[in-house]
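Each chain gets a letter, A, B and so on, in the order the sequences are listed, and its residues count up from 1.
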Amino acid sequence: MVNFFEFMLGLLKEPALMVGLIAFIGLVAQKADTSTILKGTIKTVMGFLILGFGAGALIGALNNFSTIFTQAFGVSGVIPNNEAIVAIAQEAFGYEMALIMFFAFVVNIVLARITPLKYIFLTGHHTMFMSMLVAVILSTADITGVALVALGSTIVGSLMVIMPAIGQKYTEKVMGTDQLAIGHFSTLSYVISGYIGSKFGDTSKSTEEINVPKSLMFLRDTPVAIATTMGTFFLLASIVAGSDFVEEISNGQNWVVFTFIQSLTFAGGVYIVLQGVKMLIAEIVPAFKGISDKLVPGAKPALDCPMVFPVAPNAVLIGFLCSFAAGLVAMGIQGAFGWTIIVAGVVPHFFVGGAAGVYGNATGGLRGAVLGSFTQGLCISFLPMLLLPVLGGLGLEATTFADFDFGVVGLILGWMVQ
Amino acid sequence: MKKILVVCGNGLGTSLMMEMAVKDVVKKIGLDAMVDHEDLSSATGSKADIWVAAADVAAQLKEAGKENIISLVNIFDKASIEEQLNTILND
């Protein structure tokens with residue numbers, strides 16, 4: 001009998017099976033048929049395992065980049081990428097993350113039911129990333145077990161209704177309806193952009209009245225965008241570090257070839273992680289929505305940031321360019337002061353900068369879009385740098401959490417628990 | 001049976017949300033269809049009878065040579081999904 005209990009305990013201690021159990025409960029609660037339950041549970045468990053494969057693929061390339069970058073510029077370079085940091089962190093904190101995520105869904109439903117904040121946060125991957133961030137910070141402060149899960153899920157579940165509510169004033173202006181909310185933990189990027197647009201913008205000229213080259217839209221393809229930026233910055237670092245140094249790391253492989261293969265390996269690794277995250281949340285989110293539809297009448301879905309892209313496609317590109325420019329400026333400042341450099345990534349600047357552009361345009365036209373997205377671009381370049389020390393051992397990795405809300409929540413929480 | 005593929009940039013958030021809306025519509029009109037979601041990068045190599053995406057991604061799918069695309073300005077707009085779906089089905 002003891003063996004049986006140990007077996008059951010071991011089963012639940014395995015984070016992949018833990019997330020499978022969450023999907024299983026969700027599917028059973030929805031009265032799905034047996035084949036759907038089986039398929040959904042298996043895919044969710046596999047999704048979690050795939051995260052690990054992705055981490056294994058990208059971490060080598062990431063470490064090589066980090067070594068060469070440090071040699072070249074004398075400071076460390078960190079790539080803000082949620083998928084990469086979560087994939088790396090799941091080995092140590094996957095179990096805590098899964099439990100916090102599950103109860104965060106419950107807290108979200110309870111709060112939406114009993115408070116006026118009727119938001120249901122449907123961006124499952126962001127719930128997952130936030131759960132990981134909170135799990136890491138609380139664990140670093142030696143909070144464990146039931147206290148960790150109770151505290152963590154209360155924090156994440158509360159953020160799932162509070163952040164959409166904070167953005168709602170501007171989201172309503174962007175979307176033209178109060179029935180949708182923004183459910184993306186870059187809320188403060190959008191609020192800052194919307195605020196700056198309303199103060200310093202000029203609504204007489206919209207971004208949609210000017211011509212913007214659409215050729216940049218190829219960056220919508222995430223692996224391509226990651227490969228492009230990583231390739232550019234890696235090459236720059238390799239040139240400065242010198243071919244001799246790079247070929248020492250590459251064990252003799254030609255330094256240019258090595259640089260490109262490593263960049264594409266990193267992008268490919270992130271792509272694997274994305275597929276894992278996709279499988280992990282594909283069953284859990286619809287189950288969460290199905291249950292909340294029944295329990296929370298009049299709930300408003302809080303959706304992922306590309307929700308706002310069709311409203312003002314030009315503002316997306318302008319917002320991306322300004323945000324990315326801010327990222328480059330920030331790199332210059334960080335380098336000049338000898339701080340850790342947050343390598344400007346196309347993906348965060350495209351999605352967050354683009355959406356911030358739409359918010360800035362809605363409140364302050366073209367000028368609002370430019371100023372708003374540039375300002376938040378500076379914020380999302382400095383916040384990840386400030387966040388590193390509160391992440392404990394994970395803060396030493398060459399990648400970290402990217403978005404605005406992760407930075408702010410992480411810093412406040414880190415400061416409170418220390 | 002029709003295969004409907006819903007696409008967004010990362011294949012994580014937006015497309016999953018749209019998939020839920022599309023499934024509601026498919027159920028409502030009683031269409032025999034399999035609905036799934038995917039990222040734009042993978043979608044270029046995938047096959048489907050009908051594609052669904054937000055307007056900006058829809059333009060990219062069209063460029064990639066896809067046909068029967070439902071393009072949405074409001075990603076949760078079930079009325080628009082139903083209308084465009086019926087137009088494609090009646091063709």
Could you tell me whether the side chain of [Y] reaches within less than 4.5 Å of the side chain of [X], counting heavy atoms only?
X	Y	result
Phe76(B)	Leu122(A)	yes
Ser41(B)	Leu274(A)	no
Met307(A)	Asn74(B)	no
Thr14(B)	Leu303(A)	no
Thr123(A)	Met17(B)	yes

Take Val285(A) and Met20(B) through the test side chain to side chain contact (heavy atoms under 4.5 Å, CB included) and record every step on the way to the result. CA-CA 10 Å; Val285(A) 172; Met20(B) 294 188 268; 3.8 Å; yes

Using modelled atom types only, decide if a donor and an acceptor are shared between the side chain of Lys278(A) and the backbone of His37(B) within a distance under 3.5 Å.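 Here the side-chain-to-backbone pair exists.
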
What part of Tyr271(A) is in contact with chain B, defined as an atom under 4.5 angstrom from a non-hydrogen atom: side chain, backbone, both or neither?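 Contact with chain B is through the side chain of Tyr271(A) alone.
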
Identify which part of Leu280(A) has an atom lying under 4.5 Å from any heavy atom of chain B, answering side chain, backbone, both or neither.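 No part of Leu280(A) comes within 4.5 Å of chain B.
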
Look up atom OG1 in Thr222(A) and atom CG in Leu40(B), then write down how far apart they are to the nearest 0.5 Å.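 Rounded to the nearest 0.5 Å, the OG1-CG separation comes out at 8.0 Å.
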
Nearest heavy atoms of Pro286(A) and Leu16(B), plus distance in Å: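 Scanning both residues, the minimum pair turns out to be CG-CD1, 4.1 Å.
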
What part of Leu12(B) gets closer than 4.5 Å to chain A, counting heavy atoms only: side chain, backbone, both or neither?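 For Leu12(B), backbone and side chain are both near chain A.
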
For Ser42(B), is it the side chain, the backbone, both, or neither that has a heavy atom closer than 4.5 Å to a heavy atom of chain A?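 Answer is both: backbone and side chain atoms of Ser42(B) are under 4.5 Å from chain A.
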
Option that, when pairs with chain A are counted at under 4.5 Å, heavy atom only, ranks first among Gly11(B), Gly9(B), Ala55(B):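 Option with the greatest count: Gly9(B).
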
I'd like to verify something: which residue of Thr44(B), Leu72(B), Val57(B), Val73(B) has the highest number of heavy-atom pairs under 4.5 Å with chain A?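 That would be Val73(B).
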
Quiz question: by atom type and distance under 3.5 Å, do the side chains of Asp39(B) and Gln275(A) form a donor-acceptor pair?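 Side-chain D/A pair, Asp39(B) to Gln275(A): present.
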
Check whether more than 12 heavy atoms from other residues, nucleotides or ligands sit under 6.0 Å from atom [atom1] of [X], and answer yes or no.
X	atom1	answer
Glu67(B)	CD	no
Asn211(A)	CG	no
Lys173(A)	NZ	no

Output the option from Pro313(A), Pro306(A), Gly124(A) having the highest count of non-hydrogen pairs under 4.5 Å with chain B.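 With the most close heavy-atom pairs to chain B, the winner is Pro306(A).
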
Between Pro310(A), Gly290(A), Gly183(A), which has the largest tally of heavy atom pairs under 4.5 Å with chain B?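 Ranked by contacts with chain B, first place is Pro310(A).
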
